[in-house]
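Below, chain A is the first sequence line, B the second, and so on; all start at residue 1.
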Number of protein chains: 2
Amino acid sequence: MPAVPDYLRISNRIMTEVESGKLKPGEKLPSIAQLCELHQVGASTIRQVFIRLEALEVINRRQGKGVFVTDPKTWLRKP
Amino acid sequence: MPAVPDYLRISNRIMTEVESGKLKPGEKLPSIAQLCELHQVGASTIRQVFIRLEALEVINRRQGKGVFVTDPKTWLRKP
DNA sequence: CCACATTTGTCCGTATGTATC
DNA sequence: AGATACATACGGACAAATGTG
């Protein structure tokens, strides 16, 4: 078993990319299908990523439109 | 379709029960099988609940042992 | 208005692995 | 060894919102 499961690895990677400026607030993430292809995982795994990132307020999901990145300043994190 | 999906409804319910004292910090949640029975959902839905609650640091999952509640004071929330 | 494609949303069942008791 | 319980991932089915023509 991997030390870090896919859904956590991908979540952390996305958060890092936003913090580094590679992904900017307001920007739309690739579609689920594209993320599946990119990370070589199933759609259900991407869904776990989204549930986690949404809980932390890192992303904003809009049915039919896409998934958008928020500003790191609004993320939920430890004090 | 329900205004609030199962995984959110159940997540919120658990958080409310901890805040109200019905569930105490350190306490073990019912098993996945029991939660499925209790809420009449599949195990995959309970998993979504756990992923969300873990992101918010409301629970602590320990493989083979169980899922334990944390103290509301340590939860991630909006300032 | 309608038809269609795209995209996200939700839920389920199953297979397999790993830790604990 | 066996039972229990959590962990991860996958694929399928259907719903709902959006945009385009």
Tell me the closest heavy-atom pair linking A/P72 and A/V18, and the distance in Å.
CG-CG1, 3.8 Å
In this structure, would A/V41 and A/V4 fall into the same cluster of hydrophobic residues linked by side-chain contacts under 4.5 Å?
yes
Name the atoms and distances for all side-chain donor-acceptor pairs under 3.5 Å in residues 43-58 of chain B, with sequence neighbours left out.
unit_1	atom_1	unit_2	atom_2	d
B/Q48	NE2	B/S44	O	2.8
B/E54	OE1	B/R61	NE	3.4
B/E54	OE1	B/R61	NH2	2.8
B/E54	OE2	B/R61	NE	3.4
B/E57	OE1	A/K78	NZ	3.2

Under the side-chain hydrogen bond (donor to acceptor under 3.5 Å, both in side chains) test, which residues partner B/T70, sequence neighbours left out?
B/W75
Can you check the [X] [atom1] to [N] [atom2] distance for me, whole Å?
X     : N      : atom1 : atom2 : value
A/R9  : D/dT8  : CZ    : C1'   : 12 Å
B/L29 : D/dC6  : CG    : C1'   : 12 Å
A/K28 : D/dT18 : NZ    : P     : 14 Å
B/I51 : D/dT8  : CD1   : P     : 7 Å

Return the 5'-most residue of the pair A/Y7, B/S31 with respect to DNA chain D, ranking by each residue's nearest nucleotide.
B/S31
Working to the nearest 0.5 Å, report the span between CD1 of A/I59 and CG of A/L23.
11.5 Å
For DNA chain D, the residues among residues 32-49 of chain A that have a non-hydrogen atom under 4.0 Å from it
A/V41, A/G42, A/S44, A/T45
Any residue of residues 57-72 of chain A with a heavy atom less than 4.0 Å from an atom of DNA chain D:
A/Q63, A/G64, A/K65
Under the side chain to side chain donor-acceptor pair (under 3.5 Å) rule, what pairs show up with a residue in residues 19-30 of chain B, not counting sequence neighbours?
B/E19-B/R77
List in chain and number order the residues that pass salt bridge (Lys or Arg N to Asp or Glu O under 4.0 Å) with A/R9, two or more places apart in sequence or in another chain; answer none if no residue qualifies.
A/D6
